[in-house]
There are 2 protein chains.
Amino acid sequence: MATQLNLSIDRSSPVPLYHQVVQGIEAAIHTGLLEPGSRLENEIDLAAQLNLSRPTMRKAMDELVRSGLLVRKRGVGTQVVSSQVRRPLELSSLYDDLTNNGSKPTTEVLSFSHIEADAATREALQLPAGAKVYHFTRLRKVGGKPLALMENWVRDDITTIDEVVLGSQGLYAILRNGGVNFRLASQRIGAMIANNYQAPLLEAAPGSALVTMERTAVDDTGRMVETGHHVYRADSYSFEMTLVQR
Amino acid sequence: MATQLNLSIDRSSPVPLYHQVVQGIEAAIHTGLLEPGSRLENEIDLAAQLNLSRPTMRKAMDELVRSGLLVRKRGVGTQVVSSQVRRPLELSSLYDDLTNNGSKPTTEVLSFSHIEADAATREALQLPAGAKVYHFTRLRKVGGKPLALMENWVRDDITTIDEVVLGSQGLYAILRNGGVNFRLASQRIGAMIANNYQAPLLEAAPGSALVTMERTAVDDTGRMVETGHHVYRADSYSFEMTLVQR
DNA sequence: AACATCCTAATGTCAGGACAAACTGTTGAC
DNA sequence: GTCAACAGTTTGTCCTGACATTAGGATGTT
């Protein structure tokens with residue numbers, strides 16, 4: 001039996017129709033209207049009910065399959081996946097993640113400089129010799145408890161960065177406001193032992209475990225905008241993600 | 001200037017046309033025929049050259065955009081991303097990853113049992129009370145060096161698992177041969193300090209850093225098939241991935 | 001009762017067309 | 001000379017239509 005879902009679409013909205021469907025089904029899943037494991041009606045009927053064409057309906061379901069909420073089987077139908085799946089890792093900053101979760105992070109700028117990039121940074125950001133970058137380290141706390149120690153390098157030919165603003169906004173928000181459209185980022189997650197510099201800042205015992213993350217972000221023009229090396233207290237942070245098989 | 005690329009498609013092949021295009025462009029990028037930053041011809045011309053419809057061409061480019069190889073901008077065109085991006089995290093086992101990299105991993109089965117699932121395992125795999133699971137721990141070495149210590153729980157109502165085979169094949173290969181079609185997995189990556197059990201097995205000093213990974217995999221029918229807790233030597237392993245902004 | 005065959009339902013692939021929206025460069029007015 | 005309006009190019013969205021492929025049940029035969 002296929003579950004009935006009543007969603008409506010607004011053709012005068014600037015939001016694409018397929019995306020309205022995505023949001024509608026997502027909401028139905030999260031509110032529990034569509035139970036995990038339940039079958040959806042078939043694409044053609046669903047499209048007809050919403051007065052949409054099948055390709056549009058399919059595009060919506062494609063996105064949901066990609067994000068791991070739905071599972072399709074040819075000749076059978078489409079099922080809601082048995083939930084318990086995390087949302088996939090997104091291209092956002094820790095600050096965004098935390099504020100979305102309702103926490104109130106604070107940021108302390110430990111150092112800030114506008115200097116000539118060294119060889120390693122030029123390599124990471126693919127900059128010519130002599131180019132300058134912003135270099136800064138920040139300490140992020142949540143509820144007064146240190147969570148992350150972040151060191152970043154940002155090219156300076158896109159937008160200016162102000163030390164004061166850096167203390168009150170996430171880096172990604174600043175860059176987006178500066179006109180940067182992020183497209184992708186490559187990152188590497190590992191582990192290390194807290195050294196004598198990191199441990200007191202994070203209020204962790206020397207020798208305790210840290211999660212490390214190195215990331216380089218690319219904007220829509222292909223420029224490497226930002227590279228950074230972050231460490232997190234292992235007892236307070238981990239990376240969750242959902243992998244989808246194609 | 002748009003780069004010319006000569007690829008051919010085989011309409012008699014069982015491989016979908018759009019996927020042939022994906023493979024062709026991927027190959028052109030990897031061989032360097034399409035240089036990072038170069039522009040592709042527009043969708044309509046490309047489709048016409050290959051005698052394809054625009055939707056088919058677009059579907060191919062969609063996949064490449066999703067995987068982070070291409071970047072599209074409305075009104076402008078499609079560019080090859082400035083490379084240096086890693087391939088995204090895939091739904092595969094460590095064994096697959098290593099063999100793909102040309103290494104020769106060995107696996108030592110430290111323990112193996114077929115037991116009734118405890119509460120935590122039933123919760124993770126969503127099993128009813130009294131259900132049985134396979135439970136085993138394995139030590140993986142590459143080049144004689146210990147790399148990972150893996151503890152897994154697998155439901156037993158899908159395929160039988162043999163201790164001997166487990167020593168010579170990756171878990172995912174065994175399950176796939178047993179008819180399991182994986183669809184998605186949710187995982188969490190963190191860090192910890194090697195304890196007195198892990199350290200000697202991994203030939204690491206007690207107190208050294210480990211990368212931890214917990215994963216639960218779901219098959220195409222929505223069943224939780226496998227859950228596991230793995231730890232890796234932080235000096236030998238890290239997780240690389242590419243995040244794509246939608 | 002066991003097995004092979006057919007049928008149905010659903011997703012997968014592909015075509016061709018139309019219009020909308022955004023970016024870029026050019027042209028024109030002031 | 002500067003700025004705004006415009007036109008061209010390219011991707012974004014949406015439609016209708018058709019056929020292929022697969023899974024699974026129903027049917028019929030042995």
Side-chain angles (χ1 to χ4, degrees), chain A residues 1-3 9-23 25 38-66 70-81 179-181 183 219-222 245-246, chain B residues 1-3 9-23 25 38-66 70-81 179-181 183 219-222 245-246:
Chain A
M1 234 289 290
T3 307
I9 56 169
D10 175 8
R11 295 193 91 91
S12 65
S13 161
V15 179
L17 302 181
Y18 71 89
H19 198 249
Q20 292 184 39
V21 176
V22 169
Q23 292 174 326
I25 297 181
S38 64
R39 272 235 331 273
L40 268 71
E41 295 179 75
N42 71 59
E43 298 171 353
I44 307 199
D45 289 351
L46 271 177
Q49 282 174 32
L50 297 174
N51 279 98
L52 294 172
S53 69
R54 187 178 161 217
T56 302
M57 193 66 215
R58 246 186 100 71
K59 174 149 188 172
M61 297 174 82
D62 266 342
E63 284 209 16
L64 292 163
V65 168
R66 260 188 286 138
L70 298 182
V71 166
R72 282 196 286 217
K73 278 182 81 176
R74 188 192 289 204
V76 180
T78 305
Q79 267 190 330
V80 178
V81 112
V180 177
N181 297 309
R183 273 306 139 90
D219 77 353
D220 55 1
T221 64
Q245 178 79 350
R246 286 200 243 274
Chain B
M1 232 282 292
T3 307
I9 54 168
D10 175 8
R11 295 192 91 90
S12 66
S13 160
V15 178
L17 301 182
Y18 71 88
H19 198 249
Q20 292 184 38
V21 176
V22 168
Q23 292 174 326
I25 297 182
S38 63
R39 273 238 326 279
L40 268 72
E41 294 178 76
N42 71 56
E43 299 172 350
I44 311 210
D45 289 351
L46 270 178
Q49 282 174 32
L50 297 175
N51 278 97
L52 295 172
S53 70
R54 187 178 163 218
T56 301
M57 193 65 216
R58 248 186 99 69
K59 173 147 189 173
M61 296 175 82
D62 266 342
E63 284 209 15
L64 292 163
V65 168
R66 259 188 288 138
L70 298 182
V71 165
R72 283 195 286 215
K73 280 182 80 174
R74 188 193 292 204
V76 180
T78 305
Q79 268 189 328
V80 178
V81 110
V180 177
N181 297 309
R183 273 306 140 90
D219 77 353
D220 56 1
T221 63
Q245 177 78 350
R246 288 199 240 272

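Note that the structure is a prediction, hence the values are computed from the model and not measured. Letters A, B, ... are given to chains in the order of the sequence lines, protein chains preceding strands, and every chain is numbered from 1.
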Drop me the distance from Ile25(B)'s CD1 to Met57(B)'s CE, to the nearest 0.5 angstrom.
4.0 Å
Closest nucleotide of DNA chain C for Asp62(A) versus for Pro55(A): which of these residues is on the 5' side?
Asp62(A)
When rounded to whole Å, the CG to P distance for the pair Leu40(A) and dA9(C) reads 19 Å
Is Arg54(B) near enough to dA15(C) that one of its side-chain N or O atoms lies under 4.0 angstrom from OP1 or OP2?
no
Would you give a per-nucleotide map of nucleotides 22-27 of chain C, 5' to 3', where B means the base has a protein non-hydrogen atom under 4.0 Å away, S means only the sugar-phosphate does, and - means neither?
BB----
Working to the nearest 0.5 angstrom, can you tell me the gap between Leu70(A) CG and Arg39(A) CZ?
13.0 Å
Starting from P on dA15(C), measure out to CG on Leu50(B) and report it in whole angstrom.
10 Å
Under 4.0 Å, heavy atom to any atom of DNA chain D: which of residues 15-22 of chain B qualify?
none
Heavy-atom closest pair, residues Ala60(A) and Val22(A)
O-CG2, 3.5 Å
Can you tell me how far C1' of dG12(C) sits from NZ of Lys59(B), to the nearest Å?
7 Å
Contacts of Asn51(A) that satisfy side-chain hydrogen bond (donor to acceptor under 3.5 Å, both in side chains) - sequence neighbours left out
none
Gap between atom CG of Leu64(A) and atom CD of Gln23(A) - 0.5 Å precision:
10.5 Å
Verify side-chain contact (heavy atoms from CB on, under 4.5 Å) between Leu52(B) and Arg11(B), making sure each step is shown before the conclusion.
CA-CA 10 Å; Leu52(B) 295 172; Arg11(B) 295 192 91 90; 3.9 Å; yes
How would you give the extent of chain A contacts on DNA chain D, as first and last nucleotide 5' to 3' within a 4.0 Å heavy-atom cut-off?
dT13(D) to dG24(D)
Below 4.0 angstrom from OP1 or OP2 of dA15(C), is there any side-chain N or O of Arg11(B)?
yes
Rounded off to whole Å, could you give me the CG-to-C1' distance for the Leu70(A) and dA10(C) pair?
15 Å
Taken in chain and number order and not counting sequence neighbours, the residues that satisfy side-chain contact (heavy atoms from CB on, under 4.5 Å) with Gln20(A) are Ile9(A), Asp10(A), Ser13(A), Val15(A), Leu17(A)
Taking atom C1' of dG12(C) as reference, at what distance in whole Å does atom CD of Glu43(A) sit?
8 Å
Would you say dA15(C) has OP1 or OP2 under 4.0 Å from some side-chain N or O of Thr56(B)?
yes
Would you please name every residue forming a side-chain contact (heavy atoms from CB on, under 4.5 Å) with Arg72(B), sequence neighbours left out?
Glu43(B), Arg58(B), Met61(B), Asp62(B), Val65(B), Thr78(B)
